[in-house]
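Note that these values count all heavy atoms, side chains included, but never hydrogens, waters or copies made by symmetry. First the proteins, then the strands, lettered A, B, ... as listed; each starts at 1.
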Number of protein chains: 2
Amino acid sequence: METFTVTVTEMPGKVYGQYREGEIMTTIKDIARISGYSIGTVSRVINNRADVSEETREKISEIIRERGYQPNSNARKLKQVISSEVSIIVRGNKNVFFESILEEIQIMMRGYDENINVHFIGETDNEVATAVRTVSYIKPKGIIFLGGYIDNFRDEFSQINLPCVLVTTDARDLGFENLSSFTTDYYDAGKYAVNKLLSYGHTRIGILGGYSSNRSREHKNGKIIGAVEALDRQGIPFDFDRDYEPCSYSAESGYEAAVRLLGRSPDLTAVFAISDSIALGALRALKDIGRRVPEDVSVIGFDGLTYAKYSIPRLATIRQDTATLAKKCVDDLLLRITYGGPAVHELIPYEFIEGESVAPVRQ
Amino acid sequence: METFTVTVTEMPGKVYGQYREGEIMTTIKDIARISGYSIGTVSRVINNRADVSEETREKISEIIRERGYQPNSNARKLKQVISSEVSIIVRGNKNVFFESILEEIQIMMRGYDENINVHFIGETDNEVATAVRTVSYIKPKGIIFLGGYIDNFRDEFSQINLPCVLVTTDARDLGFENLSSFTTDYYDAGKYAVNKLLSYGHTRIGILGGYSSNRSREHKNGKIIGAVEALDRQGIPFDFDRDYEPCSYSAESGYEAAVRLLGRSPDLTAVFAISDSIALGALRALKDIGRRVPEDVSVIGFDGLTYAKYSIPRLATIRQDTATLAKKCVDDLLLRITYGGPAVHELIPYEFIEGESVAPVRQ
DNA sequence: ACCGTTACCGTAAACGTTTCCATATAGTGA
DNA sequence: TCACTATATGGAAACGTTTACGGTAACGGT
């Protein structure tokens with residue numbers, strides 16, 4: 001699941017064991033020798049180039065098949081100006097949503113017979129800079145960025161001149177001609193979630209998540225901005241100090257944050273959690289502090305992960321369309337890799353999933 | 001999160017965009033030129049070799065630092081007999097437990113400043129063969145296998161002559177001197193889980209999970225073998241056709257399997273699910289078919305993942321000690337990589353986590 | 001019969017490293 | 001002073017590919 005930045009220093013010391021000679025390693029030279037053709041011709045067959053007669057192509061392919069030969073990808077990447085792989089850079093550690101969309105992308109890429117390599121970078125890294133360096137030697141033919149705030153792309157991105165896609169953030173404003181972006185309209189979805197709660201008569205609504213400790217209106221998280229905006233429209237100013245509790249994207253931290261939030265603001269009748277894992281932790285927390293869901297407190301989540309479908313009570317949530325997100329992103333990238341063309345920016349529709357965790361406010 | 005097997009054929013077609021010249025790529029040649037030393041000396045500095053004077057080591061290191069140079073790992077791996085990376089091969093798609101232990105390993109490796117690369121292989125592949133081929137060009141200095149039935153290692157493993165670790169399966173019997181193994185004692189744990197249920201007076205116990213469709217006593221899954229054994233000891237023969245429902249490691253499939261199982265055997269008063277995700281799906285299923293947990297049916301899970309702690313009702317489960325598992329496995333591998341030594345096989349203790357999902361059988 | 005194409009194929013340089021070998025210099029003991 | 005060793009460095013081959021370039025053979029048109 002991970003490739004780290006290559007470290008310069010290496011633990012000295014003997015190394016025991018290595019591959020047995022000749023058992024595993026077959027090289028293009030072997031294929032050439034066996035087939036009686038030159039290395040160059042074999043290479044052309046491997047890479048499906050023209051300039052090879054159908055007959056020799058067949059013969060060589062046959063030998064490659066029966067020897068189970070596979071080109072050494074390191075040598076390939078070393079020589080090729082551009083490798084045949086797509087790099088995927090995932091930000092953050094335990095983000096279930098990213099894992100989920102990553103899986104979709106993997107499956108899709110596999111379907112297209114495209115090779116990918118995936119790099120995980122921490123939440124704290126100056127991500128893009130790190131990532132660019134990390135993948136620069138792989139020479140991918142394109143990069144997919146999963147997550148990351150737009151600011152981090154602003155400066156660093158000019159280094160890259162490859163087709164890229166950013167998922168989960170709208171990069172329209174950046175204006176890079178090689179960077180497409182696909183994302184749920186978080187702003188709108190956050191607004192929708194809160195409006196839903198408002199429509200049930202809730203006015204005391206808390207927000208859970210968004211792990212910058214930024215307790216202000218300048219919050220970077222679109223979901224939160226939208227939520228606050230929805231409240232504003234109803235003349236309900238949001239008090240970050242009182243009704244907002246930041247936490248990371250996990251049930252653990254959702255649990256703790258919920259305890260803190262409800263401890264501080266016991267009169268809240270609804271909570272908007274910006275991820276399902278946070279919401280699930282909150283559900284449990286509410287149970288433990290003796291608040292019934294949805295009778296006392298309504299909870300609405302975000303993402304629409306599978307676990308939400310199986311929670312008790314079933315979680316109401318905003319479902320992001322991971323399938324479409326993944327498909328758009330992969331298709332756009334491969335298209336632009338092959339045919340060029342301008343970057344596109346698209347907002348993918350979300351969907352509200354009804355659940356047992358929301359109910360009208362009690363009179 | 002993934003590297004696929006390298007495909008031989010490549011989509012022909014133009015490729016747009018590449019790295020800007022000189023902006024990103026710094027080579028060892030550049031460092032040599034700038035420092036005035038030869039390539040060989042720079043390489044020796046990079047690899048911390050002895051034969052370099054302290055003075056030049058300093059000078060060259062300084063230049064490396066200020067240029068932000070990092071060796072091209074492809075070139076390295078191409079040339080090195082053994083690379084500086086550890087390969088990790090993960091089997092199966094949506095196994096939350098593996099993801100969890102993988103994360104522990106990642107963190108640990110990062111702490112040791114070791115580089116890893118991770119490969120995911122399907123559940124259906126002839127895994128080891130595929131995996132060996134996949135990593136053979138990376139020339140890792142060691143391999144960690146996450147999951148996989150022992151039979152798959154029997155033949156294929158003789159190809160590899162590197163320090164390896166198998167997690168989640170006891171490889172003692174195989175007798176490969178380069179293959180260590182660490183695992184929870186699934187057999188014992190399965191027995192424990194069922195004994196727990198038996199101690200609460202349950203006699204009609206169902207089993208959920210184990211996705212071979214093998215409905216017999218020759219089941220390969222240790223947890224299930226142990227569970228059946230525990231029942232046998234009490235003179236309760238287990239009827240696979242009636243009280244066993246196979247499913248994969250997900251909440252979805254746990255839900256469906258539970259519906260089928262309880263539909264077929266409505267008199268069951270307890271269910272042992274061989275993973276927490278399955279158990280969580282089962283909890284929801286029981287709710288939906290109108291069976292209360294734990295009043296009507298007790299449920300016990302397996303793994304001790306974080307979600308179990310936050311479910312409603314809180315799930316009783318067998319916790320695998322992922323931290324220890326990961327630590328043993330990493331430490332053993334690195335030790336054997338550096339100093340050699342024999343492979344070891346160890347069973348890691350598990351722990352029963354009390355929960356709200358089990359209760360004495362109703363009279 | 002000649003030349004120009006075209007189709008096919010081989011040769012060799014290059015990618016960025018590591019490492020073996022050779023060399024140069026400095027330091028040592030006689 | 002003379003080997004001799006130790007230490008530090010440079011040079012160059014090699015890892016397994018890709019690809020630009022050149023060459024050969026066959027063929028068609030004049």
Q) Between D:dT9, D:dT17, D:dC15, which one does the side chain of B:Lys79 approach most closely? A) D:dC15

Q) What residues, two or more places apart in sequence or in another chain, satisfy side-chain hydrogen bond (donor to acceptor under 3.5 Å, both in side chains) together with B:Lys29? A) none

Q. Sequence neighbours excluded, which residues qualify as ring-ring contact (aromatic ring centres under 6.0 Å, His included) partners of A:Tyr37?
A. none

Q. Considering only C:dT18, C:dG16, D:dG11, which nucleotide approaches the side chain of B:Arg44 most closely?
A. D:dG11

Q: Using whole Å, report how far CD1 of A:Ile60 lies from C1' of C:dG10.
A: 12 Å

Q: To the nearest Å, give me how far apart CD1 (A:Ile31) and P (D:dT17) are.
A: 9 Å

Q) Closest to the B:Tyr37 side chain: D:dT9, C:dT18, D:dT17? A) D:dT9

Q) In terms of the nearest nucleotide of DNA chain D, which residue is placed more toward the 5' end: B:Thr56 or A:Ser43? A) B:Thr56

**Q.** Qualifying residues under side chain to side chain contact (heavy atoms under 4.5 Å, CB included), relative to B:Arg33, sequence neighbours excluded
**A.** B:Asp30

Q: Would you mind telling me which of B:Ile46, B:Thr41, B:Thr26, B:Ile39 makes a side-chain contact (heavy atoms from CB on, under 4.5 Å) with B:Ile31?
A: B:Thr26

Q. Considering only side-chain heavy atoms of A:Thr41, which listed nucleotide, D:dG16, C:dC9, D:dT18, is closest?
A. C:dC9

Q. What residues, two or more places apart in sequence or in another chain, satisfy side chain to side chain contact (heavy atoms under 4.5 Å, CB included) together with B:Glu346?
A. B:Phe182, B:Lys328, B:Ile348

Q. OP1, OP2 of D:dT19 versus side-chain N and O of A:Asn47: anything below 4.0 Å?
A. no

Q) For A:Ile28 and D:dT17, what is the distance between atoms CD1 and C1' respectively, to the nearest whole Å? A) 6 Å

Q: Kindly indicate, with the supporting measurements, whether the criterion side-chain contact (heavy atoms from CB on, under 4.5 Å) is fulfilled by A:Ser180 and A:Leu333.
A: CA-CA 8 Å; A:Ser180 290; A:Leu333 187 73; over 6 Å; no

Q | Spacing of B:Lys77 atom NZ relative to C:dT19 atom C1', expressed in whole Å | A | 20 Å

**Q.** Interatomic distance where CD1 belongs to B:Ile46 and C1' belongs to C:dT18 [whole Å]
**A.** 10 Å

Q) Between C:dG10 and A:Ser38, is there an OP1 or OP2 to side-chain N/O distance shorter than 4.0 Å? A) yes

Give every pair of a protein N or O atom and an N or O atom of nucleotides 22-27 of chain D that lie under 3.5 Å apart, one pair per line with the distance.
none

(Q) With nearest nucleotide decided by heavy atoms, which residue, B:Ala50 or B:Ala75, maps closer to the 5′ end of DNA chain D? (A) B:Ala50

Q. Is A:Ser53 touching bases, backbone alone, or none of the nucleic acid, heavy atoms closer than 4.0 Å?
A. sugar-phosphate

Q. Counting side-chain heavy atoms from CB outward, which of D:dT17, C:dC15, C:dT17 is closest to A:Leu78?
A. C:dC15

Q: Please state how far atom CZ in B:Arg49 lies from atom P in D:dT9, giving the value in whole angstrom units.
A: 16 Å

Q: Round to the nearest Å and state the distance from B:Lys29 atom NZ to D:dG10 atom P.
A: 16 Å

Q | Partner set under side-chain hydrogen bond (donor to acceptor under 3.5 Å, both in side chains) for A:Glu62, not counting sequence neighbours | A | A:Arg65

